[in-house]
Q: 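Take a look at the following structure, please.
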Amino acid sequence: MTHFYFDNMASTLVDPEVIATMLNCWQTKDYCANHASDHVMGQKCRDLITQAKHDVLHTLSADGDDDLTFTSGATESIHLALHGVANAYSQQKKHIISFATEHSATLACLSALEKQGFTISILPVLPSGHIDYDLLSHTINDNTLLLTVMHINNETGVIHNLEQISTLCQKHGVLLHVDAAQTIGKCRLNLNSLAIDFASFSAHKCHGPQGIGALYRSGKPKRRLIKQIPGSSHYNAYRPGTLPTALIVGMAKAFTIANRDYEKNLEKVYELFQFTQSNLPSSYIWHGDTVHRVPHNVNIALPAHVTESECSRLRNYYTLSQASSCNKQGHSHVLTAMGIPLDIQLRSLRIGLSRFNSLDEVRLLVQALSVV
């Protein structure tokens, strides 16, 4: 039986160019060495990693003084950022602000920090999924150390205004961490023009390999961070262990492609989004702002008459998710925070679109959704 793949907010197909780049590492003797080894092959691996770091920072329009720490993915990057910042600045301030629609990785870190004596403010969001900026402004106080916020919501595709957020943080002397796991290929991100102190990234959300991510750290001024995993490091100062050279160059290639083909790929995905938006029955409920969102995400609730078995059949055949792949409670904390009742959540589907989906595939999906 033929299956389709529409879960691209959870993970994406690896681009053939990325695969070719990684295969060159895996199949070439010169790049099989440990990057920390003090011989010529170790140096060749370090050179590849150095170039990859430069390429990633270039796609982010970062400054030459900025730093990048490679991790196993965005979850680890978020942990390193939140715990590393909290530990580094705990003698100065102990209040951290975030939002109820953040990724579970962020919320879990904040829960752990609260047990360590930090004051955590988890703010509600508007029904559209957007931030209440008046509430945020009034929540910031003299003890506020850090604001952590997701750029693009992984469940609804809603885009938060980083320019407004970073300006507010800069005004009040608050450090800013951005979960940018969903950003690359979906929105432009110019770190040189925004007062962002830390940002977490993942490769497998933008057609790169799973198992690799990075944490950006601003170098102007240089922000402090405490390493969270004990052990020696070589080149990757805040995360010890042998670096996976092939995964790192694969991530850099995926980011480079996303930057290089941004307009072309966005136009294609937007065409798929518009077709879906125009052809789904009006009885479907759309979750989240339908304008200030990325076209890669369609989060909808099916009509009330649709049975649970019909929802399950659609999810399995078209590879759709009911909520985030990291959410196992049977409902979505994101949709709950937006005031959406549980009965509507249980018949909701998240369609994740990518440049590797075709219009014919989307047409078949929309037809299937229209007849249930």
Side-chain angles (χ1 to χ4, degrees), residues 11-12 14-26 31 35 44-81 84 150-152 162 176-194 196-220 222-223 225 233-239 241-263 265-266 355:
S11 196
T12 54
V14 181
D15 188 287
E17 286 188 63
V18 173
I19 293 174
T21 300
M22 292 190 296
L23 282 175
N24 182 55
C25 283
W26 282 318
Y31 304 130
H35 77 285
K44 287 186 176 183
C45 289
R46 289 195 293 277
D47 290 344
L48 274 186
I49 293 167
T50 298
Q51 185 60 50
K53 179 181 284 192
H54 176 271
D55 291 344
V56 170
L57 289 171
H58 176 72
T59 65
L60 303 174
S61 299
D63 188 85
D65 294 327
D66 297 334
D67 188 38
L68 203 67
T69 298
F70 291 108
T71 67
S72 62
T75 292
E76 185 187 344
S77 296
I78 290 167
H79 183 278
L80 176 57
M150 183 183 287
H151 182 201
I152 298 169
L162 292 185
L176 174 60
H177 166 256
V178 174
D179 172 2
Q182 295 287 348
T183 300
I184 306 303
K186 299 181 180 74
C187 283
R188 291 287 195 193
L189 183 59
N190 187 329
L191 291 176
N192 195 37
S193 67
L194 295 167
I196 293 175
D197 301 290
F198 301 91
S200 301
F201 296 95
S202 175
H204 74 101
K205 308 293 187 180
C206 62
H207 307 289
Q210 295 179 358
I212 186 70
L215 176 65
Y216 160 86
R217 181 173 64 103
S218 174
K220 33 175 219 310
K222 193 174 291 295
R223 298 306 186 185
L225 198 65
S233 303
H234 188 287
Y235 190 87
N236 213 39
Y238 294 100
R239 201 261 195 174
T242 302
L243 288 173
T245 305
L247 294 182
I248 288 171
V249 298
M251 176 177 179
K253 188 66 173 180
F255 276 44
T256 298
I257 294 169
N259 186 56
R260 181 192 72 196
D261 301 336
Y262 176 76
E263 286 82 8
N265 292 335
L266 189 64
R355 57 188 168 91

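Residue numbers start at 1 and run along the sequence shown.
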Q: Under 3.5 Å, side-chain donor or acceptor atoms of residues 245-257 against the rest of the protein: list the pairs with distances, not counting sequence neighbours.
A:
| from | atom 1 | to | atom 2 | distance (Å) |
| --- | --- | --- | --- | --- |
| T256 | OG1 | A252 | O | 2.8 |

Q: Grab the two heavy atoms, one from L57 and one from D67, that are nearest each other, plus how far apart they are.
A: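 Looking at all heavy atoms of both residues, the closest pair is CD2-O, 4.5 Å.
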
Q: Check for a donor-acceptor pair, side chain of N192 on one end and backbone N or O of D63 on the other, with a separation under 3.5 Å.
A: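 It does not hold such a pair.
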
Q: Please walk me through it: do S200 and H177 pass side chain to side chain contact (heavy atoms under 4.5 Å, CB included)?
A: CA-CA 8 Å; S200 301; H177 166 256; 2.7 Å; yes

Q: If the condition is ring pair (Phe, Tyr, Trp, His ring centres under 6.0 Å), which residues does H207 pass it with, not counting sequence neighbours?
A: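 Once residues adjacent in sequence are excluded, the partners of H207 under the ring pair (Phe, Tyr, Trp, His ring centres under 6.0 Å) criterion are F356.
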
Q: In Å, rounded to the nearest 0.5 Å, how long is the span from CG of D261 to CG of D15?
A: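 Reported value, rounded in 0.5 Å steps: 8.5 Å.
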
Q: Evaluate the salt bridge (Lys or Arg N to Asp or Glu O under 4.0 Å) criterion for residues D66 and R223: first the C-alpha distance (whole Å), next the side-chain angles of each, then the deciding distance (0.1 Å), finally the verdict.
A: CA-CA 10 Å; D66 297 334; R223 298 306 186 185; over 6 Å; no

Q: Sequence neighbours left out, what passes side-chain hydrogen bond (donor to acceptor under 3.5 Å, both in side chains) with D65? Give chain and number order.
A: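 Once residues adjacent in sequence are excluded, D65 has no partner under the side-chain hydrogen bond (donor to acceptor under 3.5 Å, both in side chains) criterion.
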
Q: Do you know the tightest heavy-atom contact between T12 and G208?
A: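 Closest approach of T12 to G208: OG1-N, 4.3 Å.
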
Q: Heavy atoms only: give me the nearest A203-P209 pair and the separation to one decimal.
A: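 Taking A203 first and P209 second, the nearest heavy atoms are CB-O, 3.4 Å.
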
Q: Kindly compute the distance separating CG (N259) from OG (S61), expressed to the nearest 0.5 Å.
A: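 Reported to 0.5 Å precision, the distance equals 7.0 Å.
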
Q: For a quick test of reading the model, state the closest non-hydrogen atom pair linking L266 to K186 and the distance between them.
A: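 Minimum heavy-atom contact is CD1-O, 4.0 Å.
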
Q: Could you give me the CA-CA distance, side-chain angles and deciding distance for L80 and T69, then say whether side chain to side chain contact (heavy atoms under 4.5 Å, CB included) is met?
A: CA-CA 10 Å; L80 176 57; T69 298; 4.1 Å; yes

Q: Rounded to the nearest 0.5 Å, what separation is found between the CG atom of L60 and the CG atom of L191?
A: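 Rounded to the nearest 0.5 Å, the CG-CG separation comes to 5.0 Å.
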
Q: Report yes or no: does N24 contribute a side-chain atom to a donor-acceptor pair with the main-chain N or O of W26 at less than 3.5 Å?
A: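 No: the side chain of N24 does not pair with the backbone of W26.
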
Q: Is there side-chain contact between Q182 and C206, with heavy atoms separated by less than 4.5 Å?
A: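 Not in contact.
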
Q: Just verifying a value: how many Å separate Y31 OH and L48 CG, rounded to the nearest 0.5 Å?
A: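 Going from the OH atom of Y31 to the CG atom of L48 covers 4.5 Å.
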
Q: Return the set of residues passing side-chain hydrogen bond (donor to acceptor under 3.5 Å, both in side chains) with S77 (not counting sequence neighbours), or none when no residue passes.
A: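 With neighbours one apart ignored, the set is T71.
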
Q: Could you list the residues that satisfy side-chain hydrogen bond (donor to acceptor under 3.5 Å, both in side chains) with R260, not counting sequence neighbours?
A: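 Only E17 meet the side-chain hydrogen bond (donor to acceptor under 3.5 Å, both in side chains) criterion with R260.
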
Q: For residues 49-60, which residue pairs qualify under side chain to side chain donor-acceptor pair (under 3.5 Å), counting only residues two or more places apart or in two chains?
A: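 Every pair satisfying side chain to side chain donor-acceptor pair (under 3.5 Å) with a residue in residues 49-60: T50-Y235, Q51-D55.
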
Q: Got a second to check how far S218's OG is from I196's CD1, nearest 0.5 Å?
A: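 It is 9.5 Å, given to the nearest 0.5 Å.
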
Q: Measure across L225 and Y238 and return the closest heavy-atom pair with its distance rounded to 0.1 Å.
A: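 Reported closest heavy-atom pair: O-CE2, 3.3 Å.
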
Q: Looking at NE2 of H35 and CG of D47, how far apart are the two atoms once the value is rounded to the nearest 0.5 Å?
A: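 That separation rounds to 12.5 Å.
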
Q: Kindly give the heavy-atom pair with the smallest separation between L189 and L194, and that separation in Å.
A: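 Heavy atoms only, the tightest pair is CD1-CD1, 4.1 Å.
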
Q: Are I184 and F201 close enough, and set up right, to give a side chain to side chain contact (heavy atoms under 4.5 Å, CB included), and what steps lead you there?
A: CA-CA 8 Å; I184 306 303; F201 296 95; 3.9 Å; yes

Q: Given the rule in the side chain to side chain contact (heavy atoms under 4.5 Å, CB included) test, do V14 and M22 qualify, once you have shown the distances and angles that lead to the verdict?
A: CA-CA 11 Å; V14 181; M22 292 190 296; 4.3 Å; yes

